[in-house]
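Index from 1, following the sequence.
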Amino acid sequence: MIRSALLRRIYAVILLALVVTAGCTWLLFMLMSRSLFVNIRANEMLPRARSLSAIVNAYMEGRFDENLLLRLVDVNEKDTSIMNAYLIVADREGTISLVSDEKQTLDPQKLENQISEILSGRTVVSVLKSIGGVDIVTLGVPVYDDGGAISGALLLYVPQYETLAARSALAGALAMAMGIVVPIVFLLIYALVYQMIAPLRQMRDVALRMADGSFDTRADESVNGEVGQLGSSLNRLSKALKHNISELTFERNRLVQILNGLSEGIAAVDRIGNITHINPALEHLFQAGGCPENPRMNVIPREEVWAAFDQAINSGEGAHFTLSEGERNISCAISPVHDDKGGIAGAVGLFRDITSEVRLENTRREYVANVSHEMRTPLTAMRGLIEPLRDGMVKDENARKRYYDIILREILRLSRLINDLMELSRLQSGTLAIEPENFEIAEIVYDLYERYWTTCEEHGLTLALTADFEKFPLLFSNPDRVEQLLVILLDNAIKYTPSGGHIELGGEWDDERATLRVKDSGLGIAPEHIDHIFERFYKVDKAHSGMGSGLGLSIAREMLEQMGEKIWVTSKVGEGSEFCFTVKRAAPPPMIIENE
């Protein structure tokens, strides 16, 4: 069974062509053979008719018997007849004098016309219709006397069915021959076409394997002519496709890696809104899921986002807005994607987490507001005291001196604020040099204890050392910055510890680091403030705005981060707070081995 559609069609066309050719040949033969066989019959009768015309002349002169003449041409006398045809004889006036067929059925008018043509000296061959409708082949020759003058007309005729019988026999033989030849020719063409189609089938298989992604298969190029050229072209196409697809795959993989490596989330949809690509950053931004009935909401669970995508596809207008996703802020930019004809082929969305930027902007605003507030307070106080002094409204010398003391205190407060701001700025910009060295903590702690003992007594507080700092190991850091850190924590403890409270300075160490602690019995810090206590200008008790600038703990954290150390706080409201920070221990001195 032929499984190739092309082969089936070719064989069907060939078979149809052979059948049509045979049929047309047979039909043309039947159409053309009638006149051919008439001519053959006439050519057979013509020499005999001319010979018979001499006998007819003798008959017309009375020298030949009529019965003998009729026996020469009688179709019923097969053995004695030399003509096997019917006979009509007419004299020079056209009068019929002898008829061999007593039932002569020729049309008289046509017969008269033929006799007239014969008497004019012409030989006449024609096919006439009898009165009964039978075709009759007629041959007429003039009869000449001994002097060469036309003395009459001789007309021979035979029914057409004799001619048709011969033609039918030949047509049957022709049909039988074509019935034998057509299958043989078809089988030969079948074999030839199969051999011609075989390379095309092999090329078809190569093309199918190419469609499946196998570009290493090759078509047969050894066939001569156009088929071999087609195989060569197919192989060139395979090489070109392999190269182009390899390049496209490389570019696609590189693009996917770029998109997947972006910190911004990317989502792309086609012209009907179906998602075609997302990257890991998008999944991390939204962390959706749990909505299998709606794939889009399963990726980004926000209706306003998909409404923006639909708007970009339908109207070609992009959108830019900000989403609040929990504590995060996400910037969304949706833009339409156009194809090579300018139509909209889809849309792409860029999603960026701007939480840190928003927080930084809020911090900047708070920073400016806090700095303005902190600077405005001493400036307002100084202005309120300087204007009366300038106008001479303060007459009492003691009052004037008190005004000057307040102005000096506010100036010092403003100077400390500026110094703290500059210190924090240098720490954050990395321009503040912190050179580490080996030092002993005991000297620093005892010096601070002596300095702050009096200050604590003035505030009604007690200061105690809860560790033997003489036993502390050698530390490796910047001693000035460690002292600054302890000062910040002690000042902070004094500010927020009411009279009658106590402050403790202690610590311990392990194999790598020492931990210094400043503990107080002050107001304490609520849990919601713990995570923000080291932020700039942050104050737990907003009512106590005059109790420092709120920059000390920020400076401490920045300083320790640059030193590679940590700071933390534990606190309970009403029970006090404990601030701790680490300091790296100095490396032990190398061992010296003495040789004996």
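Inter-residue side-chain proximity for L489 and F581 is flagged as met; some heavy-atom pair is nearer than 4.5 Å. Looking at heavy atoms from C-beta onward, Y452 lies out of side-chain contact with L461 at the 4.5 angstrom threshold. The side-chain heavy atoms of E578 and V569, taken from C-beta on, include no pair separated by under 4.5 Å. Under the 4.5 Å side-chain criterion, counting only non-hydrogen atoms from C-beta, Y446 is in contact with L465. For the pair T515/W568, a side-chain contact is recorded, criterion being any heavy-atom separation below 4.5 Å from C-beta on. Under the 4.5 Å side-chain criterion, counting only non-hydrogen atoms from C-beta, E470 is not in contact with E440. L389 places a side-chain heavy atom less than 4.5 Å from the side chain of Y404. S521 is listed as a side-chain neighbour of H502, based on a closest heavy-atom distance under 4.5 Å.
Put simply, the side chain of N244 gets close to the backbone of A240: a donor and an acceptor are under 3.5 Å apart. The backbone N or O of A345 lies less than 3.5 Å from no partner atom in the side chain of D339, so there is not a single donor-acceptor pair. A donor-acceptor distance shorter than 3.5 angstrom exists from the side chain of D520 to the backbone of S577, with no hydrogens or angles considered. Under the 3.5 Å distance criterion, the side-chain polar atoms of W306 are matched with a main-chain donor or acceptor of I300. Of the possible polar contacts, one joining the S571 side chain to the G576 backbone as a donor-acceptor pair under 3.5 Å is found. Under a 3.5 Å cut-off, the side chain of D353 and the backbone N or O of T355 do form a donor-acceptor pair. Between the side chain of N478 and the main chain of E435, a donor-acceptor pair closer than 3.5 Å is present. Not one N or O on the side chain of T582 forms a donor-acceptor pair closer than 3.5 Å with the backbone of E565. At distances below 3.5 Å, at least one donor-acceptor pair connects side-chain atoms of N253 with backbone N or O atoms of T249. A donor-acceptor contact shorter than 3.5 Å is absent between the side chain of S335 and the backbone of G318.
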Practice item. Start with the C-alpha gap between L505 and R517, add the side-chain angles, then the distance that decides, and say whether side chain to side chain contact (heavy atoms under 4.5 Å, CB included) holds. Key: CA-CA 6 Å; L505 181 57; R517 307 175 182 276; over 6 Å; no
Practice item. Assess whether side chain to side chain contact (heavy atoms under 4.5 Å, CB included) is satisfied between L516 and F469, documenting all intermediate values. Key: CA-CA 10 Å; L516 301 179; F469 289 96; 4.1 Å; yes
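Counting all heavy atoms, side chain and backbone alike, P388 lies closest to Y403 at CB-CE2, 4.4 Å. Nearest heavy-atom pair across H338 and G342 is ND1-O, 3.4 Å. Contact detail for M563 and V482: the closest heavy-atom pair is CE-CG2, 4.3 Å. Scanning all heavy atoms of the two residues, the minimum distance from I330 to I354 falls at N-CG1, 4.4 Å. Heavy atoms only, all atoms of each residue included: G507 and A467 are closest at O-CB, 3.6 Å. Of all non-hydrogen atoms in I266 and L350, the two that sit nearest each other are CD1-CD1, 3.7 Å.
With rounding to the nearest 0.5 angstrom, the CD atom of E504 is 8.0 Å from the OG1 atom of T462. For the atom pair CG of L553 and CG of D491, the computed distance is 10.5 Å after rounding to the nearest 0.5 Å. A distance of 6.0 Å separates CG of L486 from CD1 of I441, quoted to the nearest 0.5 Å. Between the CE atom of M297 and the CZ atom of R302 there is a distance of 9.0 Å, given to the nearest 0.5 Å. Here NZ of K519 is found 9.0 Å from CD of E575. Values are rounded to the nearest 0.5 Å. To the nearest 0.5 angstrom, L323 atom CG is 10.5 Å from R328 atom CZ.
Heavy atoms of other residues, nucleotides or ligands lying less than 6.0 angstrom from CD of E508 number more than 12. Within a 6.0 Å radius of CD in E251, other residues, nucleotides and ligands contribute more than 12 heavy atoms. Enclosure of atom CD in E303 is not indicated, since only 12 or fewer non-hydrogen atoms of other residues, nucleotides or ligands lie within 6.0 angstrom. When the shell of 6.0 Å around CZ of R383 is examined, it contains 12 or fewer heavy atoms from other residues, nucleotides or ligands. In this structure, R271 places its CZ atom where only 12 or fewer heavy-atom neighbours from other residues, nucleotides or ligands lie under 6.0 Å away.
Using a cutoff of 4.0 Å between basic side-chain nitrogens and carboxylate oxygens, E387 and R390 are not scored as salt-bridged. In this structure, D447 pairs ionically with R451, as a charged nitrogen and a carboxylate oxygen lie closer than 4.0 Å.
Taking the six-membered ring where the residue is Trp, F534 and F579 present perpendicular rings, their angle passing 60° and hence far from 30°.
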